[in-house]
2 protein chains.
Amino acid sequence: MHARVIQALQSIVGPQYVLTEPQDLVCYSFDATWHTGRPDVVVLPAETRQVQEIVRLAAAERIPVTPRGAGTGLAGGAVPVRGGILLSLTRMRRIVDIDTRNLLAVVEPGVVTAELQRQVAREGLFYPPDPASAKVSTIGGNIATGAGGPRCFKYGVTRDYVLGLEVVLASGEVLRTGGKTVKNVTGYDLTRLLVGSEGTLGVITGATLRLIPQPETQRTLLGVFPRLADASAAVGDIVAKGIVPTTLELVDQTALRVVEDYLQAGLPVEAEAVLIIEVDGFAEAVDRQARRVAELCEAHGASAVRVAADAAQAAELWQARRAINPSLTRIRPIKVGEDVTVPPGEIPAFIRRFQYLRERYRDLPMVVYGHAGDGNLHPNVVMDPRRPEERARVEAWLADLARVALDLGGTLTGEHGIGLLKAPFLEWEVGPVGMEVMRAVKRALDPLNILNPGKMALDGPQATEAAPAAEPGPAPTGGGTRG
Amino acid sequence: MHARVIQALQSIVGPQYVLTEPQDLVCYSFDATWHTGRPDVVVLPAETRQVQEIVRLAAAERIPVTPRGAGTGLAGGAVPVRGGILLSLTRMRRIVDIDTRNLLAVVEPGVVTAELQRQVAREGLFYPPDPASAKVSTIGGNIATGAGGPRCFKYGVTRDYVLGLEVVLASGEVLRTGGKTVKNVTGYDLTRLLVGSEGTLGVITGATLRLIPQPETQRTLLGVFPRLADASAAVGDIVAKGIVPTTLELVDQTALRVVEDYLQAGLPVEAEAVLIIEVDGFAEAVDRQARRVAELCEAHGASAVRVAADAAQAAELWQARRAINPSLTRIRPIKVGEDVTVPPGEIPAFIRRFQYLRERYRDLPMVVYGHAGDGNLHPNVVMDPRRPEERARVEAWLADLARVALDLGGTLTGEHGIGLLKAPFLEWEVGPVGMEVMRAVKRALDPLNILNPGKMALDGPQATEAAPAAEPGPAPTGGGTRG
């Protein structure tokens with residue numbers, strides 16, 4: 001990148017917020033997938049005006065701009081695969097307002113999700129979306145990917161909590177969408193067009209989020225199922241009976257065993273699956289819901305149903321679920337977290353096909369767990385990206401899993417996004433007309449293709465990436481013209 | 001319109017479904033506003049393939065196509081202001097599937113909202129959006145406008161229940177968006193870009209709708225408030241206390257009096273306002289919620305709180321609210337139903353400003369009622385569109401109301417849409433950048449501007465309309481090239 005551009009960036013944000021040292025560039029060259037792409041420069045703006053100037057400069061110089069939150073993404077969305085400017089929004093982390101009268105919060109994009117949840121809880125309010133990375137991930141990243149989480153079964157996903165956005169467009173102009181009301185049909189719903197657009201249509205610099213009253217109480221249950229098929233049947237029956245738990249999580253035996261190896265906590269590893277179910281709401285109703293859930297689990301062959309008496313016991317019941325990720329990464333360095341989603345009634349069929357894939361890819365350590373209630377399971381494999389043959393196997397597995405989900409009337413991604421990981425399969429789901437419309441929208445808003453190019457298959461075949469390397473390698477070559 | 005085009009349309013849908021007689025054209029030249037625009041031809045397709053052929057023909061001939069459901073719109077969205085083809089979707093009215101396992105329905109656009117609600121209720125399921133016109137309006141129209149209703153306070157609006165769409169694009173191609181899962185972040189959220197786009201981006205030919213379990217029970221309360229300010233304070237307090245009623249409806253004294261003149265039902269016309277509040281859910285929780293609501297009403301100066309003992313009594317409490325529309329249209333022929341929306345905490349301020357406008361426009365019979373809980377009130381005036389000076393007064397009132405809502409951090413429209421009625425004010429809310437982005441999206445998807453041209457200020461200044469006339473007048477001249 002030309003020194004003139006670096007100097008211009010330094011004059012916008014201050015020299016200490018423009019990073020060009022190789023060790024810095026490497027730190028911003030990946031997310032939680034195996035995908036990598038080294039930026040030419042990392043820029044950390046402090047305010048919207050600076051983002052505007054950076055984007056204007058990038059447009060003038062035809063330099064790719066990849067926005068990034070905490071880099072916890074599971075689809076490669078924030079990997080700067082065409083080099084250029086990596087725009088880290090983590091310095092913009094003010095909670096501007098928590099408005100208890102109107103049940104909303106106004107935040108900057110770099111606010112950490114769990115921090116927002118803590119702050120609003122002090123006011124008796126609740127921001128439900130709870131991606132696994134909530135302690136680290138940012139609201140901006142959550143919005144850009146359309147993040148989910150266990151509680152979304154009852155409370156809906158990130159898009160349901162975004163009332164309005166402030167976005168810097170590819171032109172450098174600021175677009176303000178939506179507002180402060182839940183009911184709003186003024187013009188096109190640009191707010192939701194931007195939610196989940198992975199930084200390809202604009203850089204999110206602010207958000208107005210809907211909050212809801214905190215539920216009065218909650219109850220956590222654990223159902224132990226000797227047979228996985230019974231657990232998935234119980235899920236279907238709970239949903240069909242009209243019970244709407246806060247969470248309806250499944251953990252299969254392979255995941256239980258991986259966790260037990262790690263924790264030695266006396267988990268029921270002889271069971272093919274456990275369900276972790278939480279109900280919340282008014283105290284009286286919660287008791288009855290918990291009883292009905294327990295009865296349904298037993299009716300479907302649960303060998304034991306434990307009900308937590310207090311928060312400490314509830315945390316114990318959640319232990320197995322929470323320890324899956326750290327346990328898995330002990331086996332091999334990279335965990336590939338899938339999030340294909342099927343209609344909830346197809347969970348038993350999905351589980352059957354997953355078992356078949358488990359046989360077919362016996363060389364890949366594989367577990368399944370996740371949000372069974374809304375059909376959003378997480379089949380996971382662990383792999384070593386330094387072994388190309390292993391990567392090829394994982395890519396074949398991803399493709400098979402995509403086919404299974406689509407075949408069952410499901411979708412490629414429930415909460416992680418398309419990014420790089422699922423770009424090769426996107427057209428299978430949305431079809432050529434869907435691709436055409438998405439590309440038309442992209443061209444309309446970003447005619448120079450400077451915003452996060454190379455993602456979602458928007459500009460045709462995926463860019464060649466640098467091979468994953470333990471050592472920092474050369475920057476990938478791509479479509480962006482550099483100064 | 002050229003006879004060749006009429007013949008081509010006849011060969012697509014059959015001669016009996018192509019209407020060209022003046023009396024037919026007049027029937028399709030208006031909605032529930034004063035706006036009118038006479039189509040050159042009315043076409044009633046029976047299936048998606050026919051819609052495709054009609055749109056392809058229209059594109060080839062550069063003829064405007066205005067999609068229409070039941071014509072109950074309150075913003076002029078379905079008025080064919082540029083003439084051309086009026087595309088009535090009412091023959092496409094099949095409920096294709098009610099899927100109780102996956103809690104969803106697949107429908108054609110012409111399905112009447114209340115009919116869908118009846119059919120899913122038989123399966124113990126619930127489709128919450130309840131626009132006032134639900135007995136007549138169609139799902140397609142509800143989606144195109146982003147319709148709301150009283151229950152949306154608790155359950156969310158139409159956009160929250162659309163999982164997927166089938167849409168015929170301006171190119172004649174069929175786009176399928178979304179799918180059968182609540183969690184779905186595959187590509188851009190084209191589903192929600194289309195919800196509320198008022199037929200300007202595509203013709204909705206099918207929808208997959210999310211259903212939820214029917215609430216177990218409900219309770220209806222009526223609070224009588226000697227002072228309007230107290231009623232609005234009670235609303236704010238109920239919301240702030242974390243109670244989420246199903247509906248939180250306000251009816252002011254002027255509306256009560258208009259209804260009482262009509263019904264002679266012994267309504268509390270001495271009160272400045274009543275609140276009609278419904279809570280639903282599990283039986284035990286509903287009782288406690290109802291008690292808390294009653295206490296809060298009393299604490300805020302309600303002179304009486306009635307609780308319905310059964311469905312018949314509940315219907316009685318709703319009587320005043322339900323009779324407002326028929327009562328109003330007895331006074332003057334056209335009711336202008338406003339739906340500006342403010343953040344819920346601003347309801348008291350909005351009421352104060354509304355009272356000021358009532359003074360300022362003393363010549364216009366004016367009432368206020370509506371969905372106080374989500375800040376979506378309906379100030380209404382009645383008028384005679386044959387009197388141009390009255391129409392000018394109403395237009396000035398609409399502009400003042402728009403300014404009040406925006407000034408309080410609100411929005412132009414909570415559930416009716418922009419259409420023609422609010423197009424002059426759209427830029428006040430979304431700004432020049434918002435207009436520019438909307439127009440770019442429109443051009444990207446409909447470069448020939450054949451889909452519902454003249455709406456939402458998308459193609460610049462509004463088209464000249466034919467003056468409202470008691471007798472069928474000449475077709476309006478507009479931007480469309482006719483054969």
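Chain letters run A, B, ... following the sequence lines, proteins first, then strands; residues in each count from 1.
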Problem set entry | L190(B) vs V430(A), side-chain contact (heavy atoms from CB on, under 4.5 Å): CA-CA, chis, key distance, verdict | CA-CA 10 Å; L190(B) 300 178; V430(A) 304; over 6 Å; no

For this session: Return yes if a side-chain donor-acceptor contact under 3.5 Å exists between T411(A) and T186(B), otherwise no.
Result: yes

Problem set entry | Donor-acceptor pair, side chain of K183(B) and main chain of G149(A), under 3.5 angstrom | yes

Seminar exercise, completed: Shortest non-hydrogen pair, G146(B) vs V185(A), comes out as O-CG1, 3.3 Å

Problem set entry | For chain B, the option from T177(A), D374(A), V157(A) that forms the most heavy-atom pairs under 4.5 Å | D374(A)

For this session: Name the region of K442(A), side chain, backbone, both or neither, that has any atom closer than 4.5 Å to a heavy atom of chain B.
Result: both

For this session: Pick one of side chain, backbone, both or neither for H371(A), based on which atoms fall under 4.5 Å of a heavy atom in chain B.
Result: side chain

Exercise. For T145(A), is it the side chain, the backbone, both or neither that has a heavy atom under 4.5 Å from a heavy atom of chain B?
Worked result: backbone

For this session: Please determine, among D160(B), L201(B), T191(B), V182(B), the option with the most heavy-atom pairs under 4.5 Å with chain A.
Result: L201(B)

Exercise. Looking at L125(B), L193(B), T341(B), which one has more heavy-atom pairs under 4.5 Å with chain A than the rest?
Worked result: T341(B)

Problem set entry | Ion pair K180(B)/E346(A), N-O distance below 4.0 Å | no

Exercise. With only heavy atoms counted, which part of E429(B) is less than 4.5 Å from chain A, the side chain, the backbone, both or neither?
Worked result: side chain

Problem set entry | R288(A) portion near chain B, given a 4.5 angstrom heavy-atom threshold | side chain

Exercise. In terms of heavy-atom pairs under 4.5 Å with chain A, which of F425(B), F282(B), Y188(B) leads?
Worked result: Y188(B)

For this session: Please look at M438(A) and chain B and tell me whether the side chain, the backbone, both or neither of the residue comes under 4.5 angstrom of a heavy atom of that chain.
Result: both

For this session: Could you walk me through whether V174(B) and V433(A) pass side-chain contact (heavy atoms from CB on, under 4.5 Å), step by step?
Result: CA-CA 7 Å; V174(B) 172; V433(A) 177; over 6 Å; no

Exercise. Between E216(A), K455(A), H416(A), which has the largest tally of heavy atom pairs under 4.5 Å with chain B?
Worked result: E216(A)

Exercise. What option among D189(A), T181(A), V342(A) has the most heavy-atom pairs under 4.5 Å with chain B?
Worked result: T181(A)

Seminar exercise, completed: Counting heavy-atom pairs under 4.5 Å with chain A, the top scorer among P344(B), S171(B), A440(B), G281(B) is P344(B)

Problem set entry | Which of A283(A), S197(A), G375(A) touches chain B most, by non-hydrogen pairs under 4.5 Å | S197(A)

Exercise. Does the side chain of V239(B) reach to within under 4.5 Å of the side chain of L103(A), using non-hydrogen atoms?
Worked result: yes

Problem set entry | Which atoms of L169(A) approach chain B - backbone, side chain, both or neither, heavy atom under 4.5 Å | side chain

Exercise. Chain B heavy atoms under 4.5 Å from V244(A): which part of the residue, side chain, backbone, both or neither?
Worked result: side chain

Seminar exercise, completed: Cut-off 4.5 Å, heavy atoms of chain A, and the answer for L412(B) is both

Exercise. Got a donor-acceptor contact below 3.5 angstrom from the R192(B) side chain to the R192(A) backbone?
Worked result: no

Exercise. Of the listed residues (G410(B), G187(B), G431(B), G409(B)), which shares the most heavy-atom pairs with chain A below a 4.5 Å separation?
Worked result: G187(B)

Exercise. With distance as the sole test, does N184(A) use its side chain to make a donor-acceptor pair with the main-chain N or O of G414(B) at under 3.5 Å?
Worked result: no

For this session: Go through L426(B), L445(B), T100(B), V437(B) and name the one with the most non-hydrogen pairs under 4.5 angstrom from chain A.
Result: V437(B)

